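Written below as structure tokens is the structure these notes are about.
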Amino acid sequence: YYVVEIDTSKLEDGTTQNVNLEVTDNVQNRITTNVFQLAVDKTKPVINFTNPGTSGEVTVNKTITVSGNASDNNIVSSVKVEYSKDNSTWTTATTTGNVYNWATEIDTTKYDTDATGLGTLDLRAIATDEAGNLSEYATLTLKIDQNEDRPVIKLNNICAAFADESATTFRMASTIYGSVSDDDGVV
């Protein structure tokens, strides 16, 4: 039983090397066989956030979907997304999708700092490729403001020509038509 370590530090990235085994017996009979091909991968994978922003700080509220992507010159084997309230204790998020296009949901109401509904949450993501190379961390800061995003009210059949100066009485209209929308869901 033999164990041989192959020092890949002197091999060029992106190359494929043949690993051969040669056995010689006591009477100098030799046999050589190709055991496998070694692909040299020293290139780090790349990981990015794509939603709700790509970097820096983004204002959010309620439950949000954080998503991103990872790539590598060979194969991405894992992605880890973490979040922290204090930038020292990190919690691993559960992701859906695959390692190339992943997502996780975060309920930002759990991370308010006080009764005002304000706070921050730091995110980081890292990818590992099949060779064990680690990407640089992708980072994103969520500025949590539960009061930031209010429903939008649109009135469709009212114009200034039909309203008096106080804008409390409308003439020539007995029904007001409009809509209410909100990106957080049904209103």
Side-chain angles (χ1 to χ4, degrees), residues 1-113 119-145:
Y1 176 73
Y2 291 95
V3 175
V4 177
E5 282 192 33
I6 299 172
D7 181 7
T8 59
S9 65
K10 296 179 176 118
L11 300 177
E12 187 177 332
D13 186 34
T15 62
T16 301
Q17 305 292 325
N18 288 319
V19 177
N20 298 316
L21 174 65
E22 182 177 279
V23 178
T24 306
D25 65 15
N26 289 335
V27 292
Q28 302 304 308
N29 294 318
R30 283 187 193 158
I31 185 168
T32 303
T33 184
N34 182 275
V35 180
F36 62 91
Q37 288 191 323
L38 174 67
V40 181
D41 180 3
K42 299 178 186 178
T43 304
K44 296 178 182 184
V46 176
I47 192 164
N48 297 296
F49 287 104
T50 57
N51 187 60
T54 57
S55 63
E57 185 176 279
V58 61
T59 302
V60 296
N61 65 3
K62 309 294 185 259
T63 298
I64 62 164
T65 299
V66 176
S67 59
N69 56 47
S71 62
D72 188 56
N73 61 333
N74 286 311
I75 296 173
V76 176
S77 60
S78 69
V79 166
K80 183 162 86 170
V81 179
E82 299 174 307
Y83 55 92
S84 175
K85 184 76 181 124
D86 60 10
N87 216 350
S88 65
T89 304
W90 293 90
T91 302
T92 301
T94 301
T95 58
T96 58
N98 59 54
V99 293
Y100 296 99
N101 295 290
W102 49 266
T104 188
E105 284 196 350
I106 297 176
D107 180 0
T108 66
T109 61
K110 296 178 182 178
Y111 303 100
D112 295 344
T113 54
T120 59
L121 192 64
D122 293 309
L123 302 176
R124 68 184 185 185
I126 191 165
T128 306
D129 70 10
E130 194 172 52
N133 298 312
L134 298 174
S135 69
E136 301 294 327
Y137 275 107
T139 59
L140 184 65
T141 298
L142 302 179
K143 180 181 171 195
I144 300 168
D145 185 352

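Note that these values count all heavy atoms, side chains included, but never hydrogens, waters or copies made by symmetry. Computed from a predicted model, the values in this text were never measured in an experiment.
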Return the minimal non-hydrogen interatomic distance between [X] and [Y], and the atom names on each side.
X      : Y      : answer
Ala127 : Pro45  : O-CG, 3.5 Å
Pro52  : Val60  : CG-CG1, 3.9 Å
Thr63  : Glu105 : CG2-OE1, 3.9 Å
Ile47  : Ser135 : CG2-OG, 3.5 Å
Leu140 : Gly53  : CD2-O, 3.8 Å

I need the full list of salt bridge (charged side-chain N to carboxylate O under 4.0 Å, His left out) pairs touching residues 69-83, with sequence neighbours left out, sorted by first then second residue.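 Sorted result for residues 69-83: Lys80-Glu82, Glu82-Arg124.
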What pairs meet the salt bridge (charged side-chain N to carboxylate O under 4.0 Å, His left out) rule with one or both residues in residues 129-139, with sequence neighbours excluded?
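Every salt bridge (charged side-chain N to carboxylate O under 4.0 Å, His left out) pair that includes a residue of residues 129-139, provided the two are not neighbours, is Lys44-Glu136.
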- prompt: With Val79, which of Ile126, Asn101, Val99, Asn98 fulfils side-chain contact (heavy atoms from CB on, under 4.5 Å)?
  reply: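 Going through Ile126, Asn101, Val99, Asn98 one by one, the side-chain contact (heavy atoms from CB on, under 4.5 Å) with Val79 is satisfied by Val99 alone.
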Can you measure from [atom1] ([X]) to [atom2] ([Y]) and round to the nearest 0.5 angstrom?
X      : Y     : atom1 : atom2 : result
Asn51  : Thr65 : CG    : OG1   : 7.0 Å
Ile144 : Ile64 : CD1   : CD1   : 7.5 Å
Asp122 : Asn87 : CG    : CG    : 4.5 Å
Asn48  : Ser71 : CG    : OG    : 7.0 Å

Using side-chain contact (heavy atoms from CB on, under 4.5 Å), reason through Thr141 and Val58 one step at a time and then give a plain yes or no.
CA-CA 6 Å; Thr141 298; Val58 61; over 6 Å; no
Between [X] and [Y], is there a donor-acceptor pair closer than 3.5 Å when you use the side chain of the first and the backbone of the second?
X      : Y      : result
Thr108 : Lys62  : yes
Asn34  : Asn18  : no
Ser84  : Asp86  : yes
Lys85  : Gly119 : no
Thr128 : Ser77  : no

Quick note, ring pair (Phe, Tyr, Trp, His ring centres under 6.0 Å) partners involving residues 45-102, not counting sequence neighbours, are Phe49-Trp102, Tyr83-Tyr111
*Which residue pairs pass the ring pair (Phe, Tyr, Trp, His ring centres under 6.0 Å) test when at least one of the two sits in residues 6-44, sequence neighbours left out?*
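Qualifying pairs, neighbours excluded: none.
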### Query
Is any side-chain heavy atom of Asn61 closer than 4.5 Å to a side-chain heavy atom of Asp145?
no
For residues 2-13, the side-chain hydrogen bond (donor to acceptor under 3.5 Å, both in side chains) pairs (sequence neighbours left out) are Asp7-Ser9, Asp13-Thr43
Notebook entry, point to check: Would one find more than 12 heavy atoms of other residues, nucleotides or ligands at under 6.0 Å from atom CD1 of Ile31?
Noted result: no
*Under the side-chain hydrogen bond (donor to acceptor under 3.5 Å, both in side chains) test, which residues partner Thr95, sequence neighbours left out?*
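Checked Thr95 against side-chain hydrogen bond (donor to acceptor under 3.5 Å, both in side chains); zero matches.
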